[in-house]
Amino acid sequence: MLVFKHGDKECNFDSDSVILHDVVKALGLDNKKVIAAKFNDDAMDLSRVISEGGNVEAISVDSPEGLEILRHSTAHLMAQAVLRLYPGTHFGVGPSIKDGFYYDIDVAGTITEADLPKIEAEMRKISGAGEKVTREDLAKDEALKFFADDPYKTELITEIDAPTVSVYKQGEYADLCRGPHVPDASKIHNFKLLSIAGAYWRGDEKNKMLTRIYGTAFATPDELKEYVKRIEEAKLRDHRKIGKDLDLFSLHEEGPGFPFFHPKGMAIMNTLIDFWRREHVKRGYTEIKTPQILDRSLWIRSGHWDHYRDNMYFTEIDEKPYAIKPMNCPGSILVYKTQLRSYRDLPMRLAELGLVHRHERSGVLHGLMRVRCFTQDDSHTYITPEQIKEEVTAIMELDKYVYTEVFGFKYSVELSTRPEDSMGTDEQWEAAESALRDALESTNTPYTINPGDGAFYGPKIDFHLEDCIGRTWQCGTIQLDFQMPGRFDVTYIGEDGAEHTPVMIHRVVFGSIERFMGILIEHYAGAFPYWLAPVQIKIVPINAASHMDYAKELQAKFMNLGLRSEIDTRDEKLGRKIRDAQLQKVPYMLVVGDKEKEAHTVGVRERSKGDLGSMSLEEFKDLLSKEFNPIH
RNA sequence: GCCGGUGUGGCUCAGGGGUAGAGCAGCGCACUCGUAAUGCGCAGGCCAACAGUUCAAAUCUGUUCACCGGCUCCA
């Protein structure tokens, strides 16, 4: 007799084996949403035959686990449809991912986005027919025979470290797969194929490029609709579109990856820099500036020639080789070394807004997010080994303030360890890594480890901000460096009167100012908070002729106060001028007509609150002073 | 760099072997207007570049460049 339990419920079967679905039913757990079940914590198909007792739970399609199974099964459904439409297609891998699934396929000829509806229609046909999904366990050699004409599955099977593998079949399609899956295709209704792209087999660019089809599936039609809407909203926030609409920056064929900033984009960037400088002065930093182009020998000495050459640009001056800087550290070191330094000078925090150039492959360029030249809000901090923890903690504090309090981002922290291509000894790396770990743990900062992703000269703590679409962007980083100081004979005189080698911290907060702006544009959807808005106040005269003098008088006052204002000088109707100011996302619109001109007031309209009525200029300034503003 | 797609006036896009079109923006004129689009008119493009096929190319072919979606890489 087999005994099954779910919580305090129990059922018995007077047989040697039983189908899992029957157990689920007997325990009263079955309903239309159930697509799989857990037996002793292992997720399994409902059709699985069980020959021992144990704990059983139903997996519903609206649970995270169920959704993952649904999407995985949808990938199989798609594969079956593709096989019908494109016989002879071979299949790579087709997992479920965050927000959906993909399948990498090797198809004769090409599939384009225009073919997706056709594939989707075939999928609906199969789903409508309720194609059964069945599982079979095969010994490895049987499986190899079964998939003999499929090079991808053969490669996968060979690497599996188990005597048997499972194969899922639905109609003419069969796939090597761990499962579990929905019992039949009729469980799959709410799906959509999204896009098509190339992807290397097993993610290795040395391998063949397969065709990847992305899609998604949800438990309910509403959730699918919601998701599609979210993608469309994300498109509206695209910083490349908003950057054009709000006249912030542009990109040109003449300089791919080298963004051009327009006056309004510079207003934002300069405000960010203003904020950055104030914050750094408060925290004991001083600022330097080092050249764009430096002798190649410097880059050989720093190790960049050996480890970073492929990303660098080179040039020649008077027949001598030079390099365009991809990082600011060697320049900073030259500044440090201009004097003999004492332990009393440390920590020495040399900040630099350095414009660096890095060669990026053409296919990766993306608006402001991925460019070939950008400004790092860098600092190189020279400390004694004893100061590591305190200094790293202080930087983490700065990051937290900037990310959450000023900009309202969520972020996560990663510790990246030694990469393959790196310099230094194991002991140095171990010491550096444990110093960073210590700083993270003593501040109770949750973090994950990203093995092998450190810089070539040291491990790092990375800060990942989450944007409106849930994408994460690496911004801040804190890198511990035991290499450069030694390479450049950087020293300080200790209390003991002897020469010592300082530890160097490389760190950025914004990361790249250009990219940070891109993230902010998407984060705010162009509606920058008052302190950052490129145009803070739009003055809207009701009548272009008779109210212009007053409008100009107001603007002069705002200019004096250092506020960014514009007058709409067009001979248009008021409604039109308001609409355009709204579309430009200007925080405050000041309507001025006869009434205001006479009473020396302004009609205030706030972009999200609407008309606030007339008030004196003093009252309006008072209103502005209540706005969040970290540079006051 | 790789795979696929795209490239037409400032912007968004239609057209597609017979010599280029719309809406918005711009300019002009009229209206002088109170919180999300006033009307009429004018002007603006060697259809990404270069080669080729053709009597004829924006349209077909090839190459290059840029952009878009991914992959790999990355701040």
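For the numbers below, each heavy atom of this structure counts, side chains included, while hydrogens, waters and symmetry mates do not. We name chains A, B, ... by the order of the sequence lines, and we start the count at 1 in each one. Computed from a prediction, not measured in an experiment: that's the story for all the values here.
- Among the protein residues, A/Asp594 comes within range of the nucleic acid bases, having at least one heavy atom under 4.0 Å from a base atom.
- A/Glu514 comes within contact range of no nucleotide atom at all, as no heavy-atom separation falls under 4.0 Å.
- At a cut-off of 3.5 angstrom, counting only N and O atoms as typed in the model, there is a donor on one side and an acceptor on the other between the side-chain of A/Asp571 and the base of B/C31.
- The distance between the ring centers of A/Trp276 and A/Tyr285 does not fall below 6.0 angstrom.
- Distance A/Glu572 CD to B/C27 C1': 13 Å, rounded to the nearest Å.
- Across A/Phe409, A/Tyr403, A/Phe407, a single residue satisfies ring pair (Phe, Tyr, Trp, His ring centres under 6.0 Å) together with A/His523, and that is A/Phe409.
- Atom CZ in A/Phe456 sits roughly 19 Å away from atom P in B/C73 (whole-Å rounding).
- Remark: side-chain polar atoms of A/Thr375 are not paired, donor with acceptor, to backbone N or O of A/Leu355 under 3.5 angstrom.
- For the pair A/Ala544 and A/Asp611, both in contact range of RNA chain B, the more 5′-proximal nearest nucleotide belongs to A/Ala544.
- Note: OH (A/Tyr214) to C1' (B/G4) measures 13 Å, nearest angstrom.
- Judged by distance alone, with hydrogens and angles left aside, A/Arg579 brings no side-chain donor or acceptor close enough to the base of B/U35 to form a pair under 3.5 Å.
- One can find a donor-acceptor pair under 3.5 Å joining the base of B/G1 and the side-chain atoms of A/Tyr200.
- Nucleotide B/A48 holds its C1' atom 6 Å from the CD atom of A/Glu253, rounded to whole Å.
- Using a distance-only test at 3.5 Å, with no hydrogens or angles considered, a donor-acceptor pair links the side chain of A/Glu352 to the main chain of A/Thr290.
- In this structure, A/Lys244 reaches the sugar-phosphate backbone alone: every heavy-atom distance under 4.0 Å involves primed, P, OP1 or OP2 atoms, never a base.
- Atom OH of A/Tyr102 is separated from atom C1' of B/C3 by 15 Å (rounded to the nearest Å).
- Within 4.0 Å (heavy atoms only), A/Glu596 reaches at least one base atom of the nucleic acid.
- With a cut-off of 3.5 Å on both Watson-Crick or G-U wobble distances, the partner of B/C50 is given as B/G62.
- Using a 4.0 Å heavy-atom criterion, one finds that A/Gly363 contacts the bases of the nucleic acid, with or without backbone contacts as well.
- In the interface, the side chain of A/Gln582 is not paired with the base of B/A37 through any donor and acceptor atom under 3.5 Å apart.
- Rounded to an integer number of Å, the gap from A/Ile539 CD1 to B/U35 P is 20 Å.
- Within 4.0 Å of A/Arg605, counting heavy atoms only, lies at least one base atom of the nucleic acid.
- Among the heavy atoms of the strands lying under 4.0 Å from A/Gly203 are primed sugar atoms or P, OP1, OP2 only; no base atom is included.
- The base of B/C73 sits within donor-acceptor range of the side chain of A/Arg370, with an N or O pair under 3.5 Å.
- Separation of atoms CD1 (A/Ile395) and CZ (A/Arg349) is listed at 8.0 Å; rounding is to 0.5 Å.
- Taking atom CG of A/Asn543 as the reference point, atom P of B/U38 lies 15 Å away to the nearest angstrom.
- A/Glu113 contributes no side-chain N or O that forms a donor-acceptor pair with the base of B/G70 under 3.5 Å.
- The neighbour count for A/Glu360 CD, taken as heavy atoms of other residues, nucleotides or ligands under 6.0 Å away, is above 12.
- Note on A/Val371: a base of the nucleic acid sits closer than 4.0 angstrom, heavy atoms only.
- A/Phe91 pairs with exactly one of A/Trp201, A/Tyr152, A/Tyr103 by the ring pair (Phe, Tyr, Trp, His ring centres under 6.0 Å) rule, that one being A/Tyr103.
- Nucleic acid contact class of A/His252 (heavy atoms, under 4.0 Å, all strands): none.
- Nearest-nucleotide positions on RNA chain B place A/His359 closer to the 5' end than the other of A/Arg515 and A/His359.
- Remark: the separation of the C1' atoms in B/U8 and B/A57 is 14 Å, to the nearest Å.
- B/G26 and B/A20 are spaced 27 Å apart, taking the P atom of each and rounding to whole Å.
- Remark: B/A37 base-pairs with no nucleotide; criterion is Watson-Crick or G-U wobble with both hydrogen-bond distances under 3.5 Å.
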